[in-house]
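So the structure is just underneath, and the comments pick up after that.
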Protein chains: 2
Amino acid sequence: MKFKRGDELKQKLERFREQFKEHKMTPQRRVVLQALLENSESHLSAEEVYALAKEIDSEIGLATIYRTLDLLEELNIVHKLHFGDGRSRYELCHVSSEHHHHHLVCLNCNQILEVKEDLLHQLETVIEKEHGFHIIDHRVQFYGYCAQCDKTKSNT
Amino acid sequence: MKFKRGDELKQKLERFREQFKEHKMTPQRRVVLQALLENSESHLSAEEVYALAKEIDSEIGLATIYRTLDLLEELNIVHKLHFGDGRSRYELCHVSSEHHHHHLVCLNCNQILEVKEDLLHQLETVIEKEHGFHIIDHRVQFYGYCAQCDKTKSNT
DNA sequence: GTACATGCAAACCTTTTGCACAGGG
DNA sequence: CCCTGTGCAAAAGGTTTGCATGTAC
């Protein structure tokens, strides 16, 4: 989604600025953040972020995208995701939820859906107790067939 | 672990042979299977399988390793795992457990531990009901600090 | 002004592919 | 014997890096 009022974007960027600490807020970094904000529902690859960023600043380089995404990950502004398709994907951290949501990867249409439930907490508690493993974060992907594909599939 | 009696290996290979269906059981494929069987606790990368395979057959090519691993995945003999370190890793499917175990990735020593618990079933049930998503498989990774590293860490 | 950031191109690393040859069923 | 599998080397991604130039603070 594009921002109806430029103000809204500026406000959000201002908020990131604080998280940047001593790191410089450059036009390129702003452009990457804007691209991510305008596609906060997607799981963009570096190449996709690059394409979006180029629409705003045609001079921007791919290396800058990678370096910026690395920085954003380090600053906990984005999460790097691995769906096993040979490229990393990135999504803005949703500050509201202290934890990730989960991903449902459709084996048929490759659509990636999201779930919010966090029953995983129970499992984490068991693991922390039984293995003494201190869990910081988790990545969960479910593979299967989405409602539509599952229907189509059973007809064949 | 090496096999104390060659018989044991031969037996296991024979069992895979059935799963191979019309695919040919070549010496190279046997070597890859042997390497995987002798390291069933590890999560080997293609390069690592290659190194192990070369010890048995120094003529084997890396492309063959990749092609064999692809085949083994297709035949549900191995699982391809993505830990986000830029390379795929493979592990033998444990036929005994209908489902995967989970992986604990230590952020400090990069050790990969495993858990067997499957409380995830509850979560899957909720997801199947609420999203109509038909789950076939899942990949779960927990990131955090293993018991040793966690101890060390709190001392610093 | 200075340390950090950028763009470009080359390098890198993992994985894939084309092709001529080899060998399993 | 035929079709599939193999080895090699080249190509193909995705990502990183070196370096000269540019710029946020």
Side-chain angles (χ1 to χ4, degrees), chain A residues 10 13-14 16-35 43-75 77-90, chain B residues 10 13-14 16-35 43-75 77-90:
Chain A
K10 275 180 204 144
L13 289 178
E14 197 54 38
F16 285 127
R17 188 183 208 133
E18 296 159 25
Q19 291 185 62
F20 264 56
K21 302 175 195 166
E22 64 283 5
H23 298 278
K24 291 172 185 167
M25 178 55 90
T26 65
Q28 289 88 343
R29 289 174 178 177
R30 251 187 288 267
V31 164
V32 170
L33 284 170
Q34 184 181 341
H43 307 88
L44 301 172
S45 65
E47 206 66 52
E48 287 166 342
V49 174
Y50 181 45
L52 290 164
K54 270 211 147 165
E55 288 177 16
I56 311 174
D57 168 10
S58 61
E59 297 287 282
I60 203 166
L62 181 54
T64 302
I65 304 294
Y66 277 104
R67 283 186 284 229
T68 302
L69 289 171
D70 279 355
L71 175 64
L72 295 180
E73 199 199 4
E74 185 193 323
L75 297 176
I77 293 174
V78 301
H79 278 127
K80 197 173 186 174
L81 305 168
H82 308 281
F83 293 122
D85 61 347
R87 77 205 66 190
S88 298
R89 297 187 165 276
Y90 301 83
Chain B
K10 275 181 205 143
L13 290 178
E14 199 52 41
F16 284 128
R17 191 187 205 129
E18 297 159 24
Q19 289 183 64
F20 263 56
K21 301 174 197 167
E22 64 282 5
H23 299 277
K24 292 174 184 168
M25 177 57 90
T26 65
Q28 289 87 342
R29 289 176 178 174
R30 252 188 288 268
V31 164
V32 169
L33 284 170
Q34 184 181 344
H43 306 89
L44 300 172
S45 65
E47 205 69 50
E48 287 166 343
V49 174
Y50 181 45
L52 291 164
K54 271 210 147 163
E55 286 178 17
I56 310 174
D57 168 10
S58 61
E59 297 287 282
I60 203 166
L62 180 53
T64 301
I65 303 295
Y66 277 104
R67 283 185 283 227
T68 302
L69 290 171
D70 280 355
L71 174 65
L72 295 180
E73 198 198 5
E74 186 194 322
L75 298 177
I77 294 174
V78 303
H79 278 126
K80 197 173 185 174
L81 305 168
H82 308 280
F83 293 121
D85 62 346
R87 80 204 65 190
S88 299
R89 296 185 166 277
Y90 302 83

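The chains referred to below are lettered A, B, ... by the order of the sequence lines, with proteins before strands, and numbering in each begins at 1. The structure displayed is predicted, hence computed values, not measured ones.
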d([atom1], [X]; [atom2], [N]) in whole Å:
{"X": "A:L71", "N": "C:dT6", "atom1": "CG", "atom2": "C1'", "value": "13 Å"}
{"X": "B:R30", "N": "C:dG25", "atom1": "CZ", "atom2": "C1'", "value": "12 Å"}
{"X": "A:E22", "N": "C:dC4", "atom1": "CD", "atom2": "C1'", "value": "11 Å"}
{"X": "B:H82", "N": "C:dT14", "atom1": "NE2", "atom2": "P", "value": "15 Å"}
{"X": "A:K24", "N": "C:dG1", "atom1": "NZ", "atom2": "P", "value": "14 Å"}
{"X": "B:F20", "N": "D:dT4", "atom1": "CZ", "atom2": "P", "value": "16 Å"}
{"X": "A:L69", "N": "D:dT17", "atom1": "CG", "atom2": "C1'", "value": "17 Å"}
{"X": "B:L75", "N": "D:dG5", "atom1": "CG", "atom2": "P", "value": "10 Å"}

Among the candidates [options], find the nucleotide nearest to the side-chain atoms of [X].
{"X": "A:S88", "options": "C:dG24, C:dT15, D:dT15", "result": "D:dT15"}
{"X": "A:R87", "options": "C:dT15, D:dG5, D:dG14", "result": "D:dG14"}
{"X": "A:T26", "options": "C:dG25, C:dT6, D:dT6", "result": "C:dT6"}

- request: For B:S45, answer base if it contacts any base atom (sugar-phosphate contacts may also be present), sugar-phosphate if it contacts only those atoms, and nothing otherwise; contact means non-hydrogen atoms under 4.0 Å.
  value: nothing
message: Applying a 4.0 Å non-hydrogen cut-off, can you work out what B:R17 is touching in the nucleic acid: base, sugar-phosphate, or nothing?
response: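 Sugar-phosphate contact only - B:R17 comes under 4.0 Å of backbone atoms but never of a base.
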message: For B:H43, give me all partners under ring pair (Phe, Tyr, Trp, His ring centres under 6.0 Å), at least two apart in sequence or on another chain.
response: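 Residues passing ring pair (Phe, Tyr, Trp, His ring centres under 6.0 Å) with B:H43: B:F83, B:H103.
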message: Just to verify, which of B:T68, B:L13, B:V78 counts as forming a side chain to side chain contact (heavy atoms under 4.5 Å, CB included) with B:L33?
response: B:L13
field: Option among A:Q34, A:R17, A:H23 that satisfies the side chain to side chain contact (heavy atoms under 4.5 Å, CB included) test with A:R29
entry: A:H23
- line: Between its two end axes (five pairs each) the helix from C:dG1-D:dC25 to C:dG25-D:dC1 turns, nearest 10 degrees, through 40°
Restricting both atoms to N or O, compile the protein contacts to nucleotides 7-10 of chain D shorter than 3.5 Å, with distance only.
residue, atom, partner, partner atom, Å
D:dG7, OP1, B:Q28, NE2, 3.3
D:dG7, OP1, B:E59, O, 3.4
D:dG7, OP2, B:G61, N, 3.0
D:dG7, OP2, B:T64, OG1, 2.3
D:dG7, N7, B:R67, NH2, 2.8
D:dG7, O6, B:R67, NH1, 3.4
D:dG7, O6, B:R67, NH2, 3.3

- line: Note: B:Y50 and B:L62 closest approach over all heavy atoms is CE1-N, 3.5 Å
query: Would one find a side-chain N or O of A:Y66 under 4.0 angstrom from OP1 or OP2 of D:dT15?
result: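 True: A:Y66 side-chain N/O within range (under 4.0 Å) of D:dT15 OP1/OP2.
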- request: Please determine if a side-chain N or O atom of B:H23 lies less than 4.0 Å away from the OP1 or OP2 oxygen of D:dG5.
  value: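 So the side chain of B:H23 is within the cut-off, an N or O lying under 4.0 Å from OP1 or OP2 of D:dG5.
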- prompt: What distance separates A:I60 CD1 from A:L52 CG, expressed to the nearest 0.5 Å?
  reply: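 Nearest 0.5 Å value for the CD1-CG distance: 11.0 Å.
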